[in-house]
*Asks:* 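Dropping a structure here in structure tokens format, bear with me for questions.
Quick caveat, the model's predicted, so the values are computed rather than measured. Letters A, B, ... are given to chains in the order of the sequence lines, protein chains preceding strands, and every chain is numbered from 1.
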Amino acid sequence: MSEWAAAPAPFVRRLLTVLGVDELGAYRVLRVADVETPEPQPGQFAMLAAAERWGGGEDERPYLPRAFSIARRRIGESHFLLEDVGPGTRRLCELREGDGLWALGPLGKGFSPPPPRHRAILVGGGVGIAPLAILQDALEAGAETDVTVLLGFRDGARARGSSLLHGAQVATDDGSVGHHGLLTELLSKELYRDSRAQVYACGPAPMLEAVRAMCTTRDVPAQLALEAGMACGFGACYGCAVPKRGGGYVRVCVDGPVIDASELEGVSEHAGAAA
Amino acid sequence: MSEWAAAPAPFVRRLLTVLGVDELGAYRVLRVADVETPEPQPGQFAMLAAAERWGGGEDERPYLPRAFSIARRRIGESHFLLEDVGPGTRRLCELREGDGLWALGPLGKGFSPPPPRHRAILVGGGVGIAPLAILQDALEAGAETDVTVLLGFRDGARARGSSLLHGAQVATDDGSVGHHGLLTELLSKELYRDSRAQVYACGPAPMLEAVRAMCTTRDVPAQLALEAGMACGFGACYGCAVPKRGGGYVRVCVDGPVIDASELEGVSEHAGAAA
Amino acid sequence: MSPPAARPGADAAVAIEFCGLTLAHPVINGSGTFDAIAARRAFGAALVRDFPFAAFVSKTITLAPRAGNPAPRLWETAGGLINSIGLPNKGLDGYLAEDLPQLAELLGARADAAEGPVPLITNVMGSSAQEFSALVTACDERAEIAAIELNVSCPNVATGLDIGADPRQLAQVVGACRTATRKPLIVKLTPNTADVPACALAAQEGGADAVSLINTLRAMALAPGAGGERGPWLGGGTGGLSGPAIRAVALAQVSAVAARVAIPVVGMGGVQRVAHARDLLDAGATLVAVGTETFRDPVAAMRIAEDLRAQS
Amino acid sequence: MSPPAARPGADAAVAIEFCGLTLAHPVINGSGTFDAIAARRAFGAALVRDFPFAAFVSKTITLAPRAGNPAPRLWETAGGLINSIGLPNKGLDGYLAEDLPQLAELLGARADAAEGPVPLITNVMGSSAQEFSALVTACDERAEIAAIELNVSCPNVATGLDIGADPRQLAQVVGACRTATRKPLIVKLTPNTADVPACALAAQEGGADAVSLINTLRAMALAPGAGGERGPWLGGGTGGLSGPAIRAVALAQVSAVAARVAIPVVGMGGVQRVAHARDLLDAGATLVAVGTETFRDPVAAMRIAEDLRAQS
Ligand SMILES: Cc1cc2nc3c(=O)[nH]c(=O)nc-3n(C[C@H](O)[C@H](O)[C@H](O)COP(=O)(O)OP(=O)(O)OC[C@H]3O[C@@H](n4cnc5c(N)ncnc54)[C@H](O)[C@@H]3O)c2cc1C
Ligand SMILES: Cc1cc2nc3c(=O)[nH]c(=O)nc-3n(C[C@H](O)[C@H](O)[C@H](O)COP(=O)(O)OP(=O)(O)OC[C@H]3O[C@@H](n4cnc5c(N)ncnc54)[C@H](O)[C@@H]3O)c2cc1C
Ligand SMILES: Cc1cc2nc3c(=O)[nH]c(=O)nc-3n(C[C@H](O)[C@H](O)[C@H](O)COP(=O)(O)O)c2cc1C
Ligand SMILES: Cc1cc2nc3c(=O)[nH]c(=O)nc-3n(C[C@H](O)[C@H](O)[C@H](O)COP(=O)(O)O)c2cc1C
Ligand code: FES
Ligand code: FES
């Protein structure tokens with residue numbers, strides 16, 4: 001498979017119209033009408049802000065736009081998976097059909113296809129499953145790859161999010177659904193079965209770090225979709241820095257969000273998704 | 001007539017429920033369910049803020065509560081007359097039945113009854129007619145007084161506000177309704193007819209100043225309901241000062257809003273209502 | 001934000017020792033943001049019964065009476081308020097003769113007599129060490145005054161800069177006041193300077209028992225209109241910014257000062273909710289003061305004190 | 001805020017002369033708030049075609065490379081953003097060798113060739129007069145650089161205070177840089193000091209062609225959590241406040257400085273809409289810079305420039 005193409009983002013925030021916000025267990029799926037957006041590379045994200053009442057919440061927040069993985073593209077639609085963890089996500093979860101949404105994107109560097117004759121293992125934790133959904137679509141469009149999906153959640157309400165992908169093996173911390181335990185236990189089994197794999201991971205920092213460590217020791221290539229607090233999303237503020245191997249930092253918004261595990265010494269506390 | 005009693009305001013913002021916002025030409029009448037509020041003195045005001053979305057407008061305003069004359073009391077209801085002149089009044093005009101409204105009051109020093117054997121002439125300009133409505137109720141409750149109502153407006157849409165009172169002679173700047181010209185021309189006629197009168201006035205600063213000057217020269221007692229930018233409404237911020245006769249300032253919120261014309265050398269630019 | 005219950009009593013969990021005074025809780029008012037006498041006119045006996053502040057700080061008193069600045073005195077800006085009030089006050093003699101007895105009576109008549117009167121902190125400003133010590137000397141003689149706060153955000157007539165912005169001058173002023181009283185001396189620092197901790201240290205060396213900060217940030221607004229002929233909106237020209245907009249600046253200055261001085265710190269600036277008070281206390285403040293938020297909700301301080309108690 | 005049309009050309013109504021440079025309009029970027037090279041990666045040719053700023057100011061460049069501060073680097077606060085980025089940059093040599101050619105190509109390739117390239121202003125910071133003049137000397141030799149901005153909000157290693165907060169030091173630094181170049185020198189003043197106009201005058205006496213202000217206000221945030229063990233949220237400890245919260249402070253400082261200096265002033269701080277730019281211009285600024293608002297809307301500066309043109 002050749003690289004997945006990434007077109008540059010339009011140089012303007014676009015005012016999109018909300019088609020609906022659907023419940024998905026503890027999460028919400030935000031669907032917006034979106035015709036002109038160039039086809040995103042799986043793993044790319046958009047900076048979103050409600051057109052109305054963005055700001056004026058507790059402590060006048062939210063103020064800056066928020067970053068969200070493009071979870072899925074359908075003809076004329078973009079989908080985002082939301083978890084309410086604060087004023088910005090809360091406001092977006094409140095959106096109703098017909099509301100306006102400012103969107104800038106697609107932004108950042110997404111996933112690349114697996115090396116020839118490698119299976120793909122998608123490892124997603126919590127809301128971090130979002131970019132893996134569109135990745136699964138891309139991998140299956142490109143037929144030949146064998147795709148394994150491993151998803152981990154804190155509890156049953158969150159585990160409902162697993163329906164965003166298909167054929168997933170699920171693990172939960174509280175054992176309410178699927179394997180009672182850590183996602184990395186499932187990954188370890190899979191790699192033991194057949195380690196000729198390209199791992200794609202997105203989730204909380206501790207999970208990403210565990211995946212990174214496991215893949216590094218077993219010499220399995222891994223692409224990690226990181227998160228970081230962002231102000232701009234296009235390289236302007238230098239706010240989204242995470243430490244890179246050999247010192248210095250990379251900007252998650254322009255050098256990532258997808259970073260090859262080999263570029264990192266470790267996944268630091270602030271570089272992951274909400275659990 | 002003895003003084004109209006003024007009970008102290010409850011020492012807490014009360015969360016009231018909006019019953020409705022009715023159109024009245026260019027104005028809106030905000031009706032709120034309000035049982036416990038002590039009976040206000042005519043001319044007193046309340047500090048109002050919407051319970052939701054107060055703030056977060058353009059430049060994050062409104063931030064502070066806004067002052068509004070209590071225009072009318074009905075059993076279990078308080079009415080306010082609103083003119084949309086900025087973010088605060090705009091937000092209040094948007095309120096719908098069932099919305100929450102923070103209210104502090106009744107505040108300030110209201111009108112006092114006319115001296116014995118004096119008729120009452122109510123002179124209101126624009127949204128400044130609000131406190132004259134509840135004043136008319138009080139005067140007519142106290143039977144014996146003969147009440148004359150003179151109201152001035154910029155145009156016909158605003159002149160519709162005159163229905164808040166009854167038996168009013170109306171003047172408009174554009175002549176679309178009633179007398180084509182200044183309110184003070186009507187007042188002058190009335191005083192010529194019978195100057196044994198107590199004048200009560202509220203409106204834009206230039207109008208109040210004209211009324212003050214006319215009453216002073218003709219030696220007619222006048223009570224003026226002033227306005228000023230306010231932060232608190234209860235004497236805490238000293239922001240609402242207007243110059244008083246003989247130097248120094250009075251605080252409109254605690255020494256007023258109703259000030260006797262004799263206490264002023266003039267009504268300054270910032271001491272009146274929106275035209 | 002439903003109506004609060006009765007004010008917190010001197011509860012072990014929140015009662016606090018401050019410069020030898022025992023306060024029912026750690027929340028007081030910022031000088032010039034609450035007029036207890038006017039509030040009693042507005043709210044009657046309830047104000048006395050449910051007095052929201054653990055100590056009451058007067059507005060700034062000067063030797064001579066001041067009328068204050070011409071209108072307009074207020075401008076609402078993004079997340080804040082700009083004021084240009086101009087320190088109106090009756091002058092020292094008027095304050096001592098007219099206000100002090102009323103305040104003493106009002107603050108002594110609180111609900112829970114067991115707690116004793118709400119301590120009165122009188123805030124004073126002079127334009128020189130001499131003026132300051134004259135003000136302090138006069139306050140020292142009055143038993144109704146529990147402590148004295150020095151507002152040193154006053155322009156030095158020569159340089160035009162705040163006296164409080166210059167550690168040397170500041171130490172002199174505080175030293176002069178220290179010799180004039182044994183009552184607790186609180187120095188209200190100016191935030192409009194490069195090295196606030198150095199000023200706090202100077203106040204401490206001068207003999208201050210505590211420092212309070214932050215005062216308002218110098219700010220301005222232009223009158224609506226167009227073109228170069230637009231003048232300032234505020235009658236006083238420039239003004240002082242308060243409210244949420246200055247909260248993060250206040251936290252930085254309070255934390256820097258608390259790390260440097262040994263005396264207690266009164267932290268203020270944009271406090272609206274318990275979380276903001278918590279931040280200042282965790283940054284090293286002993287007390288927090290509420291200013292602008294009281295304009296939005298007259299019992300904000302009581303609400304915050306209760307939420308603090310609920311947390312502890 | 002609908003998508004803007006093509007960027008304003010050098011229209012008589014808004015085209016502006018600044019230190020000998022002709023700018024298409026009076027709106028530029030604040031240093032460190034736009035990375036043209038990264039933006040081109042994100043937005044491609046459109047960034048070059050519709051370049052939003054009348055001149056491009058680089059982020060601060062230092063002699064040695066800097067990695068910047070540990071994460072987290074951002075905190076959102078009431079009406080503003082606190083950043084603790086820590087001036088990451090490739091160092092002078094890396095900038096001149098790698099970035100400058102790319103920037104020159106990018107800024108030269110704008111739509112309306114008639115206007116010529118978008119002028120490049122390189123912002124530099126040293127920790128001493130020597131370092132500053134070394135930086136300026138190197139920039140002086142490069143034709144791609146139209147003007148040089150000195151970021152003097154750098155702590156003096158001895159005092160810990162900003163060099164830019166002390167008029168004497170500031171005049172020395174600017175003087176040293178003046179002898180090193182004939183290119184326009186802009187001094188980016190620090191707002192965290194008592195007498196900003198005095199600093200502006202010192203910059204002018206040192207030979208500055210213009211001053212720019214305001215830089216961010218010192219601020220901080222505490223990490224979520226409870227109790228005294230709460231540390232600062234930002235990896236760098238304290239940070240700088242920008243955005244709407246500082247707008248009224250910026251207007252006061254810009255107006256005070258413009259009233260005192262003869263050289264042009266670049267005003268910035270919380271500009272989000274044309275009304276905010278208008279205020280700064282009416283207060284005496286020649287140019288306005290947009291910083292944080294660009295994070296919310298990458299073409300904010302273009303929008304404001306067009307609204308300014310529509311007004312004039
Ligand atoms: C590339 C990328 C892709 C992402 N994809 C998704 C996605 O698909 N779905 C999804 O739900 N989320 C996603 N996120 C995370 C999402 O952007 C954050 O959850 C969101 O920004 C939180 O905003 P908030 O206002 O709701 O919460 P905030 O209040 O901003 O809190 C979120 C976190 O920020 C920190 N924080 C708290 N207060 C502040 C403050 N005042 N200033 C700064 N930081 C603070 C805390 O660590 C807190 O846990 C993604 C992030 C990135 C970078
Ligand atoms: C005692 C009293 C009684 C009143 N009764 C009524 C009434 O019954 N009905 C009624 O409609 N109104 C009444 N008012 C006036 C009302 O309080 C104001 O119209 C209201 O506060 C305007 O708020 P706003 O946000 O809508 O407009 P603002 O934007 O606050 O503008 C209102 C005026 O304030 C000034 N202004 C503009 N921007 C700012 C700013 N950023 N900061 C400060 N000032 C600014 C300008 O002069 C402007 O014309 C009364 C006022 C007082 C003092
Ligand atoms: C309207 C107003 C008047 C003030 N008057 C004084 C004063 O007289 N003396 C003083 O030391 N501080 C004065 N201040 C500053 C406050 O005490 C406080 O330091 C500042 O407002 C920050 O707190 P806040 O953000 O909670 O308001 C005043 C503030 C405001 C808003
Ligand atoms: C994330 C960020 C980084 C900044 N970096 C620099 C810098 O490198 N050099 C500098 O002189 N100013 C820097 N600034 C200050 C801005 O140039 C500007 O002075 C300030 O942000 C006020 O403008 P604003 O409110 O429009 O953002 C930075 C500001 C922000 C928000
Ligand atoms: S979010 Fe601004 S540089 Fe990455
Ligand atoms: S409005 Fe605050 S004193 Fe009058």
*Asks:* Just give me the residue among C/Ala46, C/Gly291, C/Gly243, C/Gly80 that pairs up with chain B most often, heavy atom to heavy atom, under 4.5 Å.
*Replies:*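 Looking at each option in turn, the highest pair count goes to C/Gly80.
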*Asks:* Write down the atom of B/Pro62, the atom of C/Glu76, and the distance for their closest heavy-atom approach.
*Replies:*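 So the minimum-distance heavy-atom pair works out to CA-OE1, 3.8 Å.
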*Asks:* Hey, does C/Pro298 have a side-chain heavy atom less than 4.5 Å from the side chain of B/Leu104?
*Replies:*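 B/Leu104 reaches C/Pro298 side chain to side chain.
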*Asks:* Mind ranking C/Ala71, C/Pro72, C/Ala39 by heavy-atom pairs under 4.5 Å with chain B and telling me who comes out on top?
*Replies:*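 Maximum pair count with chain B is reached by C/Pro72.
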*Asks:* Rounded to the nearest 0.5 Å, what separates atom SG in B/Cys232 from atom CZ in C/Arg296?
*Replies:*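 Here the interatomic distance stands at 13.5 Å.
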*Asks:* So what's closer than 4.5 Å to chain C heavy atoms on B/Ala49: side chain, backbone, both or neither?
*Replies:*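 When you check distances to chain C, no heavy atom of B/Ala49 falls under 4.5 Å.
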*Asks:* Tell me whether the count of non-hydrogen atoms from other residues, nucleotides or ligands lying under 6.0 Å of CD in B/Glu97 goes above 12.
*Replies:*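 For B/Glu97, atom CD is not crowded (no more than 12 foreign heavy atoms under 6.0 Å).
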*Asks:* Check whether B/Met47 gets within reach of chain C through its side chain, its backbone, both or neither, counting any heavy atom under 4.5 Å.
*Replies:*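 The answer is neither part of B/Met47.
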*Asks:* Please identify, among B/Cys237, B/Cys253, B/Pro65, the residue contributing the most non-hydrogen atom pairs under 4.5 Å to chain C.
*Replies:*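 The residue among B/Cys237, B/Cys253, B/Pro65 with the greatest pair count is B/Cys237.
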*Asks:* Please report the shortest heavy-atom distance between B/Pro10 and C/Phe43, naming the atom on each side.
*Replies:*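 Residues B/Pro10 and C/Phe43, closest heavy atoms: O-CD2, 3.6 Å.
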*Asks:* What part of C/Pro70 gets closer than 4.5 Å to chain B, counting heavy atoms only: side chain, backbone, both or neither?
*Replies:*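 Contact with chain B involves both backbone and side-chain atoms of C/Pro70.
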*Asks:* Quick one: does NZ or CZ of C/Arg41 land under 6.0 Å from the six-membered ring centre of B/Phe234, within 45 degrees of the ring axis?
*Replies:*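 Here C/Arg41 fails the 6.0 Å and 45° test against B/Phe234.
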*Asks:* Given heavy-atom pairs under 4.5 angstrom as the criterion, report whether the side chain, backbone, both or neither of B/Leu64 touches chain C.
*Replies:*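 Answer is both: backbone and side chain atoms of B/Leu64 are under 4.5 Å from chain C.
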*Asks:* Which atoms of C/Ser84 are under 4.5 Å from chain B, going by heavy atoms: the side chain, the backbone, both sets, or neither?
*Replies:*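 For C/Ser84, neither part sits under 4.5 Å from chain B.
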*Asks:* Write down the atom of C/Gly44, the atom of B/Pro8, and the distance for their closest heavy-atom approach.
*Replies:*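 Where C/Gly44 meets B/Pro8 most closely, the heavy atoms are N-CB, 3.8 Å.
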*Asks:* What closest approach, in Å, do B/Tyr63 and C/Gln272 show between heavy atoms, and which atom pair accounts for it?
*Replies:*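 The answer is CE1-NE2, 4.0 Å.
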*Asks:* Contact between C/Arg49 and B/Phe11 at the side-chain level, heavy atoms closer than 4.5 Å - yes or no?
*Replies:*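 Side chain of C/Arg49 against side chain of B/Phe11, heavy atoms only: no contact under 4.5 Å found.
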*Asks:* For the candidates C/Asn29, C/Ile37, C/Asn69, which exhibits the highest count of non-hydrogen atom pairs separated by less than 4.5 Å from chain B?
*Replies:*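 Heavy-atom pairs under 4.5 Å are most numerous for C/Asn69.
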*Asks:* If you look at every heavy atom in C/Arg73 and B/Tyr249, which pair is closest and at what distance?
*Replies:*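 Looks like NH2-CD1, 3.4 Å.
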*Asks:* Which value, rounded to the nearest 0.5 Å, describes the distance between B/Arg251 atom CZ and C/Asp35 atom CG?
*Replies:*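 Spacing of CZ (B/Arg251) from CG (C/Asp35) equals 4.5 Å.
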*Asks:* If every non-hydrogen atom of B/Gly248 is compared with every non-hydrogen atom of C/Ala67, which pair is closest and at what distance?
*Replies:*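 Nearest pair, atom of B/Gly248 first, then C/Ala67: CA-CB, 4.1 Å.
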*Asks:* Go through the structure and list residues passing side chain to side chain contact (heavy atoms under 4.5 Å, CB included) with C/Asn83, not counting sequence neighbours.
*Replies:*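 With neighbours one apart ignored, the set is C/Leu74, C/Ile85, C/Thr216.
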*Asks:* For residues 261-272 of chain B, tabulate all N or O donor-acceptor pairs below 3.5 Å that involve a side-chain atom, not counting sequence neighbours.
*Replies:*
from     : atom 1 : to       : atom 2 : distance (Å)
B/Ser262 : OG     : B/Asp260 : OD1    : 2.7
B/Glu265 : OE2    : B/Gly246 : N      : 3.4

*Asks:* For B/Glu52, does the CD atom have more than 12 heavy-atom neighbours from other residues, nucleotides or ligands under 6.0 Å away?
*Replies:*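 For B/Glu52, atom CD is not crowded (no more than 12 foreign heavy atoms under 6.0 Å).
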*Asks:* For chain C, find which of B/Gly247, B/Gly108, B/Ala241 contributes the most heavy-atom pairs closer than 4.5 angstrom.
*Replies:*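 Counting heavy-atom pairs under 4.5 Å, the top option is B/Ala241.
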